[in-house]
Engineer: 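Below are the structure tokens for one structure; questions will follow.
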Amino acid sequence: MSGRISERLDEIIGDVTGRTIAVYWPIRGEINLRPWMVDASERGARICLPVVIAKNQPVAFHRWTP
């Protein structure tokens, strides 16, 4: 399933060079897009993950690199 979703993301997003893409780190059976994240990063995307800064506050997105 991860492979299919990764292929579809490539189709939908197209060229990722210079784009900022927010994703998540998979837990408890969520779809694992980490290989796609590495590939997108290597193709020039800025990959960002949500980070909880404080309880009951919006998350912040921090850049992730492989």
Engineer: Tell me, please, which residues at least two apart from Glu11 pass salt bridge (charged side-chain N to carboxylate O under 4.0 Å, His left out).
Structural biologist: Arg8
Engineer: Give a yes or no answer on whether the side chain of Glu30 reaches the backbone of Ile27 with a donor-acceptor pair at less than 3.5 Å.
Structural biologist: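 Judged by distance alone, yes, a pair lies under 3.5 Å.
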Engineer: Would you call Asn32 and Trp25 a side-chain contact if the rule is heavy atoms closer than 4.5 Å?
Structural biologist: no
Engineer: Provide the closest heavy-atom pair for Thr17 versus Arg43 in the form atom of the first, atom of the second, distance.
Structural biologist: OG1-O, 3.2 Å
Engineer: Shortest non-hydrogen contact from Ala40 to Val16?
Structural biologist: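 Between these two residues, the closest heavy atoms are O-CG2, 3.7 Å.
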Engineer: List the atom pairs, with distances to 0.1 Å, where a side-chain N or O of residues 58-66 and a protein N or O form a donor-acceptor pair under 3.5 Å, not counting sequence neighbours.
Structural biologist:
none

Engineer: Taking C-beta and beyond as the side chain, do Leu33 and Ser6 meet within less than 4.5 Å on heavy atoms?
Structural biologist: yes
Engineer: A side-chain contact here means heavy atoms from C-beta on lying under 4.5 Å apart; do Trp36 and Ile5 qualify?
Structural biologist: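 Answer no - side chains too far apart.
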Engineer: Do Leu9 and Met1 sit in one hydrophobic cluster, given that two such residues count as connected whenever their side-chain heavy atoms are within less than 4.5 Å of each other, even indirectly?
Structural biologist: yes
Engineer: Using atom types as modelled and distance alone, determine if a side-chain donor or acceptor of Arg19 lies under 3.5 Å from a backbone N or O of Gly44.
Structural biologist: no
Engineer: Kindly list each side-chain donor-acceptor pair under 3.5 angstrom involving residues 46-53, sequence neighbours excluded, with atom names and distances?
Structural biologist:
from, atom 1, to, atom 2, distance (Å)
Arg46, NE, Thr20, OG1, 2.8
Arg46, NH1, Gly18, O, 3.1
Arg46, NH2, Gly18, O, 2.8
Arg46, NH2, Thr20, OG1, 2.8

